[in-house]
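Have a look at the structure below, then the notes.
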Amino acid sequence: MQQALFDYTLYLADSALILGQRNSAWCGHGPILEQDIAITNITLDLIGQSRSLYQYAAQLKGGDATEDSLAYLRNEREYKNCLLAERPNGDWGQTILRQFLFSCFQRELYTQLTKEKDSTLAAIATKSLKEVNYHCRWSGEWVLRLGDGTAESHTRLATALENLWPYTGELFKGVEYELALGMDPASLYTPWLSAVQSTFEEATLSLAPVASCFMQLGGKTGIHTEELGYILADLQYMQRAYPGCDW
Amino acid sequence: MEMRNLEELFQQKIDQEVKIEPKDWMPDAYRKTNIRQISQHAHSEIVGMLPEGNWISRAPSLKRKAILIAKVQDEAGHGLYLYAAAETLGQSREQMINDLHSGKAKYSSIFNYPTLTWADMGAVGWLVDGAAIMNQVMLTRTSYGPYARAMVRICKEESFHQRQGFETLLVLSKGSEAQRALCQDAINRWWWPSLMMFGPRDSESTNSDMSMKWKIKRKTNDELRQQFVDMIAEQVKLLGMTLPDPNLRWNESRNHCDFGEINWDEFWQVVKGNGPCNKERLEARKKAWEDGAWVREAAQAHANKQRTRNKAA
């Protein structure tokens with residue numbers, strides 16, 4: 001098995017799953033019915049992406065690995081999702097901004113992956129990109145509404161920015177498996193920042209307060225925040241409580 | 001035209017199976033009954049998202065997670081069509097939601113029961129959606145046009161949910177001993193509350209007579225309940241499980257299943273707000289609405305600003 005490719009695929013899968021798991025908590029609790037449905041669509045897209053990626057990772061690993069054994073039976077230190085994905089939902093502003101920062105990154109990353117020589121990853125990226133473009137548009141429209149809307153919504157969004165920005169640096173800092181595959185994400189930073197900035201400007205949201213913040217790293221190599229243990233406890237409960245069953 | 005003639009014309013249309021449409025004349029009581037019933041139905045879809053939403057984070061496989069999320073999302077979609085159908089009668093969605101939150105409007109009592117294990121996702125789909133479909137299939141022919149058309153679409157999705165629920169239980173029934181125990185336990189807990197979903201006995205139902213005359217309803221509570229019992233009594237055999245009713249047996253002379261007495265005291269207690277989860281369900285809905293207030297205000301403020309900017313441009 002090609003370890004770097006396996007790890008890299010898991011990084012992509014875990015990030016999509018953990019963000020999907022986070023977003024899914026809004027289902028039935030959204031601020032208005034239409035948006036409850038919209039964020040749940042995004043949740044379903046992310047879980048769908050993670051499934052395709054886990055299936056590929058399982059194929060790379062061989063033996064009796066399955067999408068579920070990879071999602072449900074690995075521990076905190078084996079998960080490789082970016083830290084941004086595991087940040088708490090907070091209020092609607094934080095959820096929106098987390099989605100926007102992540103989706104804009106995914107758009108750059110998947111665009112690059114569509115040209116990748118690994119045809120499976122390229123195919124998954126091509127399919128997912130259609131969804132991700134919509135996620136960028138939807139979350140971008142909400143960043144605009146909240147930034148431009150009321151004094152309260154603007155303040156809440158600015159707070160979310162302070163909470164989340166320190167977790168964006170990791171996305172562009174290549175780790176061993178990325179570098180081994182020649183997939184250094186550093187080159188994605190400039191187009192990502194430019195897309196993010198252009199929406200922020202329209203939303204009158206300033207990057208100045210976070211411009212020099214210290215970036216948190218570690219998720220991609222399995223060093224997470226305290227949040228992940230609880231997320232996995234919830235996610236993996238059934239498989240841990242009833243091992244070896246079909247569902 | 002005189003009121004009497006209008007009423008006669010209205011009843012003629014109903015009798016001739018012509019749908020009543022939003023701009024048609026209708027008796028006030030017909031309008032009110034439809035608003036009450038459609039909004040209550042919409043609220044049931046929305047509150048109904050909560051007990052199943054409870055298991056989204058813990059679904060046992062990625063496939064089951066995706067299925068469950070899609071299902072709960074379908075309920076949100078049903079709520080949306082139904083609120084829209086009720087709005088055609090002149091009631092705003094906001095007013096309906098306020099009535100839910102104040103306790104003035106009801107929702108189906110079934111959602112005041114807790115979902116305690118994963119097997120409940122199967123039992124809710126099979127029994128609760130199954131019971132709902134009995135009612136809903138009848139409503140595809142209800143006399144108010146927008147309601148009937150909304151129900152056609154809803155029924156397609158609901159019958160899919162019922163099959164999914166049954167399939168969830170079927171997998172459990174073929175699984176380990178622990179899985180089979182989960183399956184039987186969920187059926188035991190959801191059976192009686194499902195029968196209560198059809199409402200009081202015909203002899204005690206206050207809204208039935210006019211609703212039948214106006215063809216809002218086309219079958220009585222007891223007729224629908226009997227139809228449901230007959231169907232489930234057969235389906236449960238495929239699971240190799242039992243229904244928790246020692247009096248359940250086929251009655252050749254009636255050509256129906258006989259079944260035991262519903263605990264009507266429990267039924268009325270849950271209706272009155274004393275069920276296991278009444279408080280939690282309503283609190284969760286109120287919290288979502290209140291927490292979302294600043295979001296809705298921001299969206300409105302942004303839309304207003306945009307309009308002003310566009311005018312200025």
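Predicted, not measured: the structure shown is a model, and the values here were computed from it. The chains referred to below are lettered A, B, ... by the order of the sequence lines, with proteins before strands, and numbering in each begins at 1. All values below come from the heavy atoms of this structure, side chains included, with hydrogens, waters and symmetry mates left out.
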A:Cys27 SG to B:Glu52 CD distance, which is reported to the nearest 0.5 Å | 10.0 Å
Distance (rounded to the nearest 0.5 Å) between B:Gln306 CD and A:Arg145 CZ | 9.5 Å
Minimum heavy-atom distance between B:Ala299 and A:Trp142, given as atom pair plus value | CB-CH2, 4.0 Å
Highest number of heavy-atom pairs under 4.5 Å with chain A: which of B:Asp291, B:Leu182, B:Asp74?
-> B:Leu182
Is it true that a side-chain atom of B:Arg285 and a backbone atom of A:Gly28 form a donor plus acceptor pair closer than 3.5 Å?
-> yes
Please check if atom NZ in B:Lys286 has more than 12 non-hydrogen atoms from other residues, nucleotides or ligands closer than 6.0 Å.
-> yes
Enclosure of B:Asn310 CG (heavy-atom neighbours >12, cutoff 6.0 Å) | yes
Would you mind checking which part of B:Leu172 comes under 4.5 Å of any heavy atom in chain A, side chain (CB onward), backbone (N, CA, C, O), both or neither?
-> side chain
Hey, mind stepping through B:Arg58 and A:Gln236 against side chain to side chain contact (heavy atoms under 4.5 Å, CB included) and telling me if it holds?
-> CA-CA 7 Å; B:Arg58 293 173 291 171; A:Gln236 299 180 337; over 6 Å; no
Nearest heavy-atom neighbours spanning A:Met238 and B:Pro60 | CB-CB, 3.7 Å
For B:Leu50, is it the side chain, the backbone, both, or neither that has a heavy atom closer than 4.5 Å to a heavy atom of chain A?
-> side chain
Is it the backbone or the side chain of B:Lys63 that comes under 4.5 Å from a heavy atom of chain A, or both, or neither?
-> both
Chain B contacts: which residues in residues 38-47 of chain A have a non-hydrogen atom closer than 4.5 Å to it?
-> A:Thr40, A:Asn41, A:Thr43, A:Leu44, A:Ile47
Which atoms of A:Arg22 approach chain B - backbone, side chain, both or neither, heavy atom under 4.5 Å = neither
What are the residues of residues 91-107 of chain A, in order of number, with any heavy atom under 4.5 angstrom from a heavy atom of chain B?
-> A:Asp91, A:Trp92, A:Gly93
Looking only at A:Glu34, A:Gln239, A:Arg156, the option with the highest number of non-hydrogen pairs under 4.5 Å against chain B is A:Arg156
So, does A:Gln21 use its side chain to make a donor-acceptor pair with the main chain of B:Ser57 at under 3.5 Å?
-> yes
Which atoms form the tightest heavy-atom contact between A:Thr150 and B:Ala301, and what is the distance?
-> CG2-CB, 3.8 Å
Sequence-distant partners of B:Leu238, side chain to side chain contact (heavy atoms under 4.5 Å, CB included), two or more places apart = B:Phe166
Is the count of non-hydrogen atoms from other residues, nucleotides or ligands lying under 6.0 Å from B:Lys305 atom NZ greater than 12?
-> yes
Give a yes or no on whether A:Glu202 atom CD has more than 12 heavy-atom contacts from other residues, nucleotides or ligands under 6.0 Å away.
-> no
Take atom OH in A:Tyr134; do more than 12 heavy atoms of anything else shown fall under 6.0 Å from it?
-> yes
Please assess A:Leu17 against B:Leu62 for the test side chain to side chain contact (heavy atoms under 4.5 Å, CB included), listing each intermediate value before the final yes or no.
-> CA-CA 9 Å; A:Leu17 176 62; B:Leu62 294 179; 3.7 Å; yes
When rounded to the nearest 0.5 Å, the distance separating CD of A:Glu67 from OG of B:Ser61 is 7.0 Å
Test log, rule salt bridge (Lys or Arg N to Asp or Glu O under 4.0 Å), inputs B:Arg64 and A:Asp68 | CA-CA 11 Å; B:Arg64 290 289 175 198; A:Asp68 288 329; over 6 Å; no
Could you give the distance from CE (B:Met49) to NE2 (A:His29), rounded to the nearest 0.5 Å?
-> 8.0 Å
Distance (rounded to the nearest 0.5 Å) between A:Ile32 CD1 and B:Trp289 CH2 = 5.0 Å
Chain B contact via A:Trp26 - side chain, backbone, both or neither, heavy atoms under 4.5 Å | neither
Heavy-atom pair count under 4.5 Å with chain B, highest-scoring of A:Gly48, A:Ser153, A:Ser50, A:Gly30 | A:Ser153
Atom of A:Leu33, atom of B:Gly79 and distance for their closest heavy-atom approach = CD2-C, 4.1 Å
Side chain / backbone / both / neither for B:Ile97 at chain A, heavy atoms under 4.5 Å = neither
Determine which residues belonging to residues 240-247 of chain A lie within contact range of chain B, meaning some heavy atom pair is under 4.5 Å apart, and list them by number or answer 'none'.
-> A:Tyr242, A:Cys245, A:Asp246, A:Trp247
With a 4.5 angstrom heavy-atom cut-off, could you sort out which part of A:Asp36 is near chain B: side chain, backbone, both or neither?
-> side chain
Give the intermediate values and the outcome of side chain to side chain contact (heavy atoms under 4.5 Å, CB included) for residues B:Trp118 and A:Tyr237.
-> CA-CA 11 Å; B:Trp118 168 254; A:Tyr237 160 67; over 6 Å; no
